[in-house]
Novice: 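After the structure tokens below, expect a handful of questions from me.
All residue numbers in this chain count up from 1 along the given sequence. The analysis underlying the following values was restricted to heavy atoms, covering all of them including side chains, and did not include hydrogens, waters or symmetry mates.
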Amino acid sequence: MEVIGEASDGREAVRLARELRPDIVILDIAMPLLNGLDATSQIIHDNEEIGVIILSMHADESYIVRALDAGARGYLLKDNADDDIERAIRSVAIGRPYFTPSIAKALLEDYIRLMRERRVQDSYELLTDREREVLQLLAEGKSNKEAATILSVSPYTIETHRQNLMQKLGLHNTAEIVLYAVRKAIVTT
């Protein structure tokens with residue numbers, strides 16, 4: 001691993017990501033001039049291949065969902081960052097999401113609690129084999145185009161499977177796909 005740049009604010013982070021084209025960018029959620037979530041959106045908009053990891057002191061699921069919606073592939077709590085940073089970088093570098101273990105555990109517990117409250121049966125069983133493959137690839141951070149290449153189908157076919165699986169699982173966006181996959185241990189953290 002090599003550090004190729006360092007920014008003092010969100011705007012500089014976006015500029016450096018454009019210039020240096022790193023594999024991984026680590027952003028604080030609270031940055032001056034442009035917060036980490038908005039900087040993530042801009043970085044991913046410019047280059048969806050960059051893996052963004054968010055550092056935060058917030059363990060609240062709403063922050064995690066917002067980070068994933070912005071395109072982040074990792075979310076670390078600052079109090080655990082020293083222990084988790086290397087694992088997070090290595091995981092995100094190979095296209096897998098990474099969450100601080102306490103967050104992954106809380107997400108799983110919350111999911112189980114919701115399932116019990118709603119007395120919902122496991123909707124994963126409703127998915128076809130191909131939809132399960134697409135779910136995993138998307139949760140691993142693959143784009144529709146990358147998933148299409150891996151499965152030897154068109155990006156349009158991937159989008160169709162994506163829409164079908166989201167409808168069956170009651171999901172609304174990529175962030176919810178990733179959270180679902182983490183909760184179901186389809187992808188590891």
Side-chain angles (χ1 to χ4, degrees), residues 1-18 20-114 135-143 171 173-189:
M1 289 184 228
E2 178 184 352
V3 176
I4 61 170
E6 187 174 339
S8 59
D9 61 63
R11 292 194 186 284
E12 186 179 13
V14 171
R15 183 184 59 75
L16 286 174
R18 282 183 187 133
L20 302 174
R21 302 183 62 79
D23 297 319
I24 305 289
V25 172
I26 301 170
L27 298 172
D28 192 320
I29 203 165
M31 298 177 71
L33 301 181
L34 185 67
N35 69 64
L37 298 177
D38 291 336
T40 297
S41 291
Q42 290 184 27
I43 289 168
I44 297 301
H45 180 266
D46 290 342
N47 183 350
E48 67 180 29
E49 299 300 315
I50 294 176
V52 176
I53 299 170
I54 294 289
L55 285 175
S56 177
M57 61 184 188
H58 304 287
D60 184 273
E61 188 171 337
S62 67
Y63 282 99
I64 299 164
V65 169
R66 289 175 51 206
L68 292 171
D69 275 340
R73 294 186 190 157
Y75 194 96
L76 302 179
L77 293 178
K78 288 182 181 181
D79 59 355
N80 291 12
D82 290 344
D83 297 333
D84 294 339
I85 194 78
E86 185 177 345
R87 282 188 298 266
I89 291 169
R90 292 189 187 286
S91 182
V92 170
I94 61 171
R96 294 181 182 233
Y98 187 89
F99 299 96
T100 296
S102 62
I103 288 178
K105 182 179 182 221
L107 291 173
L108 180 59
E109 289 169 353
D110 186 49
Y111 177 75
I112 291 169
R113 181 187 54 76
L114 285 172
L135 171 69
Q136 181 171 349
L137 292 172
L138 296 175
E140 289 176 354
K142 304 288 189 267
S143 67
L171 306 175
N173 55 44
T174 302
E176 290 181 5
I177 289 173
V178 172
L179 290 174
Y180 178 87
V182 168
R183 289 172 177 152
K184 299 294 286 177
I186 295 165
V187 294
T188 57
T189 58

Novice: Distance check, rounded to the nearest 0.5 Å: Gln42 atom CD versus Leu34 atom CG?
Specialist: 5.0 Å

Novice: Does a side-chain heavy-atom distance below 4.5 Å link Ile24 with Ile53?
Specialist: yes

Novice: If every non-hydrogen atom of Gly36 is compared with every non-hydrogen atom of Leu27, which pair is closest and at what distance?
Specialist: O-CD1, 3.6 Å

Novice: Flag the pair Val14 / Asp38 as yes when at least one side-chain heavy-atom distance between them is below 4.5 Å, and no otherwise.
Specialist: no

Novice: Would you mind reporting whether Ile26 and Ile85 have side-chain heavy atoms less than 4.5 Å apart?
Specialist: yes

Novice: Backbone N or O of Met31 within a donor-acceptor pair of the Asp28 side chain at under 3.5 Å?
Specialist: no

Novice: Between Arg87 and Asp84, does at least one N-O distance fall below 4.0 Å, as a salt bridge requires?
Specialist: yes

Novice: Output the distance between atom CG (Asp9) and atom CG (Asn35), rounded to the nearest 0.5 Å.
Specialist: 11.5 Å

Novice: Compare every heavy atom of Ser8 with every heavy atom of Pro32, then report the nearest pair and how far apart it is.
Specialist: CG-O, 3.6 Å

Novice: If I take atom CG from residue Leu76 and atom OG from residue Ser56, how far apart are they, to the nearest 0.5 angstrom?
Specialist: 10.0 Å

Novice: Nearest 0.5 angstrom please: Glu12 CD to Leu33 CG, how far?
Specialist: 9.5 Å

Novice: Mind listing the closest non-hydrogen atom pair of Glu48 and Ser143 along with its distance?
Specialist: OE2-CB, 3.1 Å

Novice: Counting C-beta onward and ignoring hydrogens, is there a side-chain heavy-atom pair between Thr174 and Asp69 closer than 4.5 Å?
Specialist: no

Novice: Would you say Val52 and Ile43 make side-chain contact, with heavy atoms under 4.5 Å?
Specialist: yes

Novice: Between Ile50 and Arg21, does a side chain to side chain contact (heavy atoms under 4.5 Å, CB included) hold up when you go through it step by step?
Specialist: CA-CA 8 Å; Ile50 294 176; Arg21 302 183 62 79; 5.5 Å; no

Novice: To the nearest 0.5 Å, what is the distance between CG (Leu179) and CZ (Phe99)?
Specialist: 5.5 Å

Novice: Are more than 12 heavy atoms from other residues, nucleotides or ligands located less than 6.0 Å from atom CG of Asn173?
Specialist: yes

Novice: Applying side-chain hydrogen bond (donor to acceptor under 3.5 Å, both in side chains), run through Tyr75 and Thr100 and close with a yes or a no.
Specialist: CA-CA 7 Å; Tyr75 194 96; Thr100 296; over 6 Å; no

Novice: Supply the atom-to-atom distance Leu68 CG to Ile54 CD1, rounded to the nearest 0.5 angstrom.
Specialist: 9.5 Å

Novice: Tell me the closest heavy-atom pair linking Val178 and Pro97, and the distance in Å.
Specialist: CG1-CB, 4.1 Å

Novice: Looking at side-chain heavy atoms only, is the closest gap between Ile186 and Leu135 below 4.5 Å?
Specialist: yes

Novice: A side-chain contact here means heavy atoms from C-beta on lying under 4.5 Å apart; do Met1 and Ile89 qualify?
Specialist: yes

Novice: Any idea which heavy atoms bring Ala39 and Gly10 closest together, and the distance?
Specialist: CB-O, 4.0 Å

Novice: Please report the closest heavy-atom contact between Ala17 and Pro22, naming both atoms and the distance.
Specialist: O-CD, 3.6 Å

Novice: Report yes or no: does Thr40 contribute a side-chain atom to a donor-acceptor pair with the main-chain N or O of Ala70 at less than 3.5 Å?
Specialist: no

